[in-house]
Number of protein chains: 2
Amino acid sequence: MPTPSTPRSDRSSSSTTKEKILDAAEELFSELGYDATSLRAVTKTAGVNLAAVNYHCGSKLGLFRAIFERRIGPLNRERLAALERARERVGEGKVIPLGEVLRAFFEAPVRMAAREDPGFRRFLRIAGRMQSASGDHANALVPVFAEVREHFHAALRAALPHLDDRDFSWRLHLLIGAMCTLFADPQRIAILSQGHCDPENPDEVLAQLIAFGKGALGAPSKEPLDEDGAAEGPA
Amino acid sequence: MPTPSTPRSDRSSSSTTKEKILDAAEELFSELGYDATSLRAVTKTAGVNLAAVNYHCGSKLGLFRAIFERRIGPLNRERLAALERARERVGEGKVIPLGEVLRAFFEAPVRMAAREDPGFRRFLRIAGRMQSASGDHANALVPVFAEVREHFHAALRAALPHLDDRDFSWRLHLLIGAMCTLFADPQRIAILSQGHCDPENPDEVLAQLIAFGKGALGAPSKEPLDEDGAAEGPA
DNA sequence: GGATAATTCAAACGTATGATTGAAACGGGC
DNA sequence: GCCCGTTTCAATCATACGTTTGAATTATCC
């Protein structure tokens with residue numbers, strides 16, 4: 001029963017074995033997926049012994065969970081804090097405007113991915129892929145997003161009184177799917193848009209996500225009866 | 001070099017070996033993913049010999065491609081036909097309204113998945129997952145969607161003159177991501193919405209996708225300068 | 001109905017995987 | 001300076017994988 005209380009007193013020389021493993025696994029999982037990544041490839045990339053991952057994480061599934069344990073806390077905290085700031089800004093009982101809620105929802109992951117640490121970007125890619133994955137490793141982290149989801153669900157619901165429950169659920173689900181697709185492979189849009197879009201620019205990504213989300217969530221509830229479905233967007 | 005010219009004269013008793021393989025593979029790939037599905041599981045489910053898949057499809061990757069070869073033709077044809085019908089409806093040089101283009105884009109997969117054949121639903125699930133997958137099997141079918149994508153790209157572009165190229169590319173990419181997430185796991189929204197949403201009802205799915213897409217794509221190009229991001233959706 | 005091609009089958013091949021072992025090396029506390 | 005808990009390491013286990021083989025079986029054509 002190894003319960004590493006104080007892993008190392010001196011970690012000046014690079015990093016812990018476990019951190020090296022997590023970094024390597026993050027990289028490989030994000031590029032190859034869970035199944036296609038072998039522990040041998042992980043330990044080789046990390047420059048550690050094969051048995052180290054079982055020692056530090058217990059199993060391959062434990063390694064996957066450990067990746068999330070390292071990153072999900074800061075991300076969730078930042079998201080909820082941003083929502084709280086928005087709530088304080090508008091006042092106690094007031095409804096937070098849609099754009100503000102969406103900004104609070106998108107800003108943390110976008111900004112954190114843009115900061116120098118490439119590990120977080122890779123983590124986001126893994127997380128985005130889990131939206132449409134199955135298996136133990138995917139099921140293991142359903143609860144991990146539950147709290148954030150509930151808070152933003154409530155805030156968005158309040159900002160969208162014109163929608164009934166069904167419309168609201170549909171749109172929120174689709175919007176999260178759009179976000180996850182973006183996170184799952186940011187480079188794809190750079191290629192498909194032939195360079196028009198720059199997924200490396202956090203301001204651009206954020207602005208686009210918010211504009212997209214506002215339009216999608218804020219669209220009218222029931223289709224107006226006129227048949228021509230021309231864009232009613234531009235004021 | 002087996003080149004099965006006429007596979008079978010009598011196929012009254014159930015189906016061909018290859019069809020049994022494709023059906024089983026479709027089921028397992030859609031539930032477990034490509035890597036987690038073994039040929040042994042496929043052949044066992046299909047009730048055929050293990051070597052049959054290599055005989056009929058060449059390899060596991062060939063099996064994956066064969067699944068797409070069977071389904072993608074009818075889907076693409078139906079989508080392009082729907083777009084063509086919409087084009088004829090509005091007249092030669094006219095711009096097809098956004099809602100019509102979106103309907104042509106979404107209707108075929110939604111309707112085809114709703115018809116009795118459960119195989120197509122599974123195929124859609126596989127296809128949706130490929131949006132955020134990597135590896136040979138995912139790369140193998142990039143060109144498979146190219147033609148449809150180009151046609152709808154052009155039609156949507158014409159319907160959205162108020163957007164610049166960058167905004168347009170962002171929104172289209174995000175919209176396709178939202179759709180793929182839905183196809184990749186239709187049951188998820190039924191669970192997360194606590195039964196409010198019924199992904200089995202094609203009319204509901206179609207209406208929601210179109211409403212979502214119209215709002216998302218049709219949203220104003222540049223953020224209005226007023227700071228409160230209240231929903232401008234409801235007229 | 002016999003030759004010929006197409007298909008099915010059981011068995012095996014070589015390799016890769018996740019996990020485990022037990023001994024060796026390391027580290028801090030006294 | 002020795003002891004003990006922690007960590008590393010090479011070696012190995014059992015299993016699962018995709019693929020291949022060659023013989024047996026079945027369908028097709030003349």
Side-chain angles (χ1 to χ4, degrees), chain A residues 1-26 28-29 31-67 135-138 140, chain B residues 1-25 28-29 31-67 135-140:
Chain A
M1 303 337 156
T3 313
S5 51
T6 311
R8 191 70 53 90
S9 61
D10 163 46
R11 71 169 61 176
S12 60
S13 68
S14 69
S15 55
T16 309
T17 294
K18 181 163 185 180
E19 283 170 342
K20 284 192 270 192
I21 291 174
L22 290 179
D23 290 339
E26 218 163 37
L28 292 171
F29 280 150
E31 288 175 5
L32 309 173
Y34 180 80
D35 292 308
T37 299
S38 72
L39 296 186
R40 283 171 171 81
V42 170
T43 52
K44 191 170 190 177
T45 302
V48 305
N49 188 273
L50 169 61
V53 44
N54 284 290
Y55 175 77
H56 285 285
C57 304
S59 66
K60 187 181 183 180
L61 183 56
L63 168 59
F64 188 78
R65 276 201 274 244
I67 289 178
D136 289 344
H137 64 289
Chain B
M1 300 341 156
T3 313
S5 52
T6 312
R8 190 69 53 89
S9 60
D10 164 45
R11 69 170 59 176
S12 61
S13 67
S14 70
S15 55
T16 308
T17 294
K18 182 162 185 180
E19 282 171 341
K20 284 192 271 193
I21 292 174
L22 289 180
D23 290 341
L28 292 171
F29 280 150
E31 287 174 7
L32 308 172
Y34 180 81
D35 291 310
T37 299
S38 71
L39 296 187
R40 282 172 171 81
V42 170
T43 52
K44 191 171 189 175
T45 302
V48 303
N49 188 272
L50 169 59
V53 45
N54 284 288
Y55 176 77
H56 286 284
C57 305
S59 67
K60 186 180 184 181
L61 182 57
L63 167 60
F64 187 77
R65 275 200 275 243
I67 289 178
D136 289 343
H137 63 291
N139 300 333

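Residue numbering restarts at 1 for every chain, and letters A, B, ... go by the order of the sequence lines.
As a whole-Å value, the separation of B/Ile21 CD1 from C/dT8 C1' is 11 Å. Counting to the nearest Å, the P atom of D/dG18 and the NE2 atom of B/His137 are 13 Å from each other. The interatomic distance linking B/Lys60 (NZ) with D/dC17 (C1') rounds to 8 Å, in whole Å. For A/Asp35 and D/dC17, the CG to P distance is 11 Å, given to the nearest whole Å. Put simply, CG on A/Leu32 is 16 Å from P on C/dA16, counting in whole angstrom units. Nucleotide D/dT8 holds its C1' atom 11 Å from the NZ atom of A/Lys20, rounded to whole Å.
The stretch residues 36-47 of chain A touches DNA chain C through A/Thr37, A/Ser38, A/Leu39, A/Arg40, each having a heavy atom under 4.0 angstrom from the strand.
Atom OH of residue B/Tyr55 and atom CD1 of residue B/Ile21 lie 11.0 Å apart, to the nearest 0.5 angstrom. For the atom pair CG (B/Leu22) and NE2 (B/His56), the distance works out to 10.0 Å, reported to the nearest 0.5 Å. Rounding to the nearest 0.5 angstrom, the gap separating the CG atom in B/Asp23 from the CG atom in B/Leu28 is 11.0 Å.
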Pair A/Phe29, A/Leu63 - check side chain to side chain contact (heavy atoms under 4.5 Å, CB included), show working. CA-CA 11 Å; A/Phe29 280 150; A/Leu63 168 59; 4.2 Å; yes

Under 3.5 Å, sequence neighbours excluded: what are the donor-acceptor pairs made by side chains of residues 39-53 of chain A?
{"unit_1": "A/Thr43", "atom_1": "OG1", "unit_2": "A/Leu39", "atom_2": "O", "d": "2.9"}
{"unit_1": "A/Thr43", "atom_1": "OG1", "unit_2": "A/Arg40", "atom_2": "O", "d": "3.2"}
{"unit_1": "A/Thr45", "atom_1": "OG1", "unit_2": "A/Ala41", "atom_2": "O", "d": "2.8"}
{"unit_1": "A/Asn49", "atom_1": "OD1", "unit_2": "A/Ala51", "atom_2": "N", "d": "2.9"}

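Among residues two or more places apart in sequence or in another chain, the side chain to side chain donor-acceptor pair (under 3.5 Å) test is passed with A/Asn54 by none. Considering only residues two or more places apart in sequence or on other chains, B/Leu61 meets the side chain to side chain contact (heavy atoms under 4.5 Å, CB included) condition with B/Tyr34, B/Ser59, B/Arg65, B/Asp136, B/His137.
For B/His56 and C/dT8, the shortest distance from a side-chain N or O to OP1 or OP2 is below 4.0 Å. Contact annotation: A/Thr17 side-chain N/O to D/dT8 OP1/OP2 distance is under 4.0 Å.
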Atom pairs under 3.5 Å, N or O on each side, protein against nucleotides 20-24 of chain C: can you list them with distances?
none

Both atom distances under 3.5 Å, Watson-Crick or G-U wobble: I'd like the secondary structure of DNA chain D as a dot-bracket string, with | for pairs made across strands. |..|||||||||||||||||||||||||||

